[in-house]
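In what follows, a structure is listed as structure tokens, so that the remarks can point back to it.
Numbered from 1 within each chain, the chains take letters A, B, ... in sequence-line order.
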Number of protein chains: 2
Amino acid sequence: MTEERSSREDLGTRLRDARKYCGFSQEEVARHLSVSRSAVSLMESGSRSVNAMELGRLARLYQRSMESLTGTVSSESGSESVGLLARATAELSERDRQEVLRFAEFLRSRSSTSD
Amino acid sequence: MTEERSSREDLGTRLRDARKYCGFSQEEVARHLSVSRSAVSLMESGSRSVNAMELGRLARLYQRSMESLTGTVSSESGSESVGLLARATAELSERDRQEVLRFAEFLRSRSSTSD
DNA sequence: CGATGGCGTCCGAAAATCAAACAAGATCGT
DNA sequence: ACGATCTTGTTTGATTTTCGGACGCCATCG
């Protein structure tokens with residue numbers, strides 16, 4: 001909950017910075033998103049969550065990538081293996097695929113440090 | 001409203017495709033997001049909105065960009081002028097900047113077709 | 001100094017979300 | 001083939017969030 005809150009606040013801060021950088025008022029942004037101005041204020045203070053579509057429109061309005069707004073790293077360098085695994089197992093039988101997935105699940109649960 | 005709904009369904013479909021491609025169950029994704037499994041099901045059917053943070057974590061889990069999940073185009077080719085404008089006005093006096101913004105606002109309200 | 005614009009915050013009403021529960025279909029192990 | 005297990009969709013009523021309007025505050029404008 002506290003964790004949730006802090007990253008929402010970070011997002012809010014970035015949103016506010018981006019908006020001010022572009023010279024928009026909350027009112028204008030509100031109209032752009034079809035929400036009330038107070039909603040925008042709450043978003044920027046982290047007291048209201050921003051949904052995916054709103055994030056998309058904001059990114060477009062502010063000329064920024066979504067990632068730069070949320071602060072998430074698009075792709076952690078270490079493992080691009082996920083897609084490849086899926087591709088590989090797609091050709092196996094339903095049975096064997098299940099095996100592989102089970103094993104992968106096992107590995108995931110074993111090393112719970114990373115995602 | 002109908003518009004809102006359809007793009008949420010699109011997002012849901014992409015989320016479901018991505019999840020299946022990676023071989024995850026809704027249960028696993030739910031744990032990853034710290035939500036109930038039913039929530040994931042509703043997300044994928046478009047009956048529940050996905051907030052920014054959830055979208056971020058999903059993008060990371062599925063090894064995809066947020067844009068590819070929401071289907072939004074990161075930057076519409078036509079106008080990269082917004083950032084530039086902001087940069088330019090940053091050096092003006094408070095007064096003059098207000099003038100410019102007022103003018104920009106006027107232009108925006110004039111041609112209400114685009115964003 | 002009055003007016004205006006931008007913003008934060010509070011409020012009750014309305015909507016969204018929650019998790020738990022059940023049903024259904026598929027696949028598994030034996 | 002049969003029961004066990006897994007995965008998913010859907011419903012339900014309680015809870016939480018969000019809504020937009022209103023108010024006050026502060027800065028700037030005229």
Side-chain angles (χ1 to χ4, degrees), chain A residues 1-2 4-5 8-9 11-13 15-55 58 86 89 92-106 108-109, chain B residues 1-2 4-5 7-9 11-13 15-55 86 89 92-106 108-109:
Chain A
M1 184 97 79
T2 315
E4 170 83 14
R5 179 79 185 183
R8 252 200 337 207
E9 283 177 11
L11 169 61
T13 300
L15 285 177
R16 171 157 33 219
D17 290 347
R19 176 178 58 79
K20 288 193 173 178
Y21 181 78
C22 292
F24 292 119
S25 70
Q26 290 182 345
E27 169 72 29
E28 297 174 275
V29 175
R31 254 177 308 172
H32 184 77
L33 294 183
S34 304
V35 300
S36 68
R37 185 194 56 80
S38 61
V40 175
S41 181
L42 294 177
M43 284 187 219
E44 293 184 354
S45 71
S47 324
R48 172 202 188 270
S49 63
V50 181
N51 72 28
M53 243 101 51
E54 290 165 341
L55 182 66
L58 287 173
T89 57
L92 298 177
S93 71
E94 198 59 34
R95 178 75 154 249
D96 292 348
R97 201 175 68 91
Q98 205 69 17
E99 276 300 327
V100 175
L101 291 181
R102 204 174 303 280
F103 179 62
E105 161 71 16
F106 167 73
R108 208 175 316 121
S109 65
Chain B
M1 188 108 67
T2 314
E4 171 85 13
R5 179 78 186 184
S7 48
R8 262 214 316 223
E9 282 177 11
L11 169 60
T13 300
L15 286 178
R16 171 155 40 219
D17 291 347
R19 175 178 60 79
K20 288 194 173 176
Y21 180 79
C22 292
F24 292 119
S25 70
Q26 290 182 345
E27 170 72 29
E28 296 175 274
V29 175
R31 253 178 311 176
H32 184 76
L33 293 185
S34 303
V35 300
S36 69
R37 186 197 54 81
S38 61
V40 176
S41 181
L42 295 177
M43 283 187 221
E44 293 184 354
S45 71
S47 325
R48 172 203 187 270
S49 64
V50 181
N51 72 29
M53 242 101 52
E54 290 166 341
L55 182 66
T89 57
L92 297 177
S93 70
E94 197 58 35
R95 178 74 155 251
D96 291 348
R97 201 174 69 90
Q98 206 69 15
E99 277 299 326
V100 175
L101 292 181
R102 205 174 301 282
F103 180 63
E105 161 70 18
F106 167 73
R108 209 176 315 119
S109 65

Measure from [atom1] on [X] to [atom2] on [N] and round the result to the nearest Å.
| X | N | atom1 | atom2 | result |
| --- | --- | --- | --- | --- |
| B/Leu42 | D/dT11 | CG | P | 10 Å |
| B/Leu15 | D/dT8 | CG | C1' | 16 Å |
| A/Lys20 | C/dG6 | NZ | P | 13 Å |
| B/Arg31 | C/dA19 | CZ | C1' | 16 Å |
| B/Phe24 | D/dT8 | CZ | C1' | 17 Å |
| A/Met43 | C/dG6 | CE | P | 18 Å |
| A/Gln26 | D/dG21 | CD | P | 16 Å |

Show the distances under 3.5 angstrom between N or O atoms of the protein and N or O atoms of nucleotides 14-17 of chain C.
{"from": "C/dT17", "atom 1": "OP1", "to": "B/Ser49", "atom 2": "OG", "distance (Å)": "2.4"}

Give a yes/no answer on whether the side chain of B/Arg19 brings an N or O atom under 4.0 Å of OP1 or OP2 in D/dT8. yes

Annotated protein contacts, base or backbone, on nucleotides 20-26 of chain C with a non-hydrogen cut-off under 4.0 Å, one of B, S, - each: BB-----

Atom pair [atom1]/[atom2] of [X] and [Y] - distance to nearest 0.5 Å:
| X | Y | atom1 | atom2 | answer |
| --- | --- | --- | --- | --- |
| B/Leu42 | B/Ser36 | CG | OG | 7.5 Å |
| B/Leu55 | B/Leu15 | CG | CG | 7.0 Å |
| B/His32 | B/Glu28 | NE2 | CD | 11.0 Å |
| B/Asn51 | A/Glu54 | CG | CD | 10.0 Å |
| B/Arg48 | B/Ser38 | CZ | OG | 9.0 Å |

Please report the shortest heavy-atom distance between A/Leu11 and B/Ala52, naming the atom on each side. CD2-CB, 3.7 Å

Side-chain contact, heavy-atom cut-off 4.5 Å: B/Met43 with B/Val35? yes

Expected output: side-chain A/Arg8 to main-chain A/Gly46 donor-acceptor under 3.5 Å: yes

Quickly, which of A/Lys20, A/Gln26, A/Glu9 forms a side-chain contact (heavy atoms from CB on, under 4.5 Å) with A/Glu44? Name it, please. A/Gln26

D/dT10, C/dG8, D/dT7: which one has an atom nearest the side-chain heavy atoms of B/Ser41? D/dT10

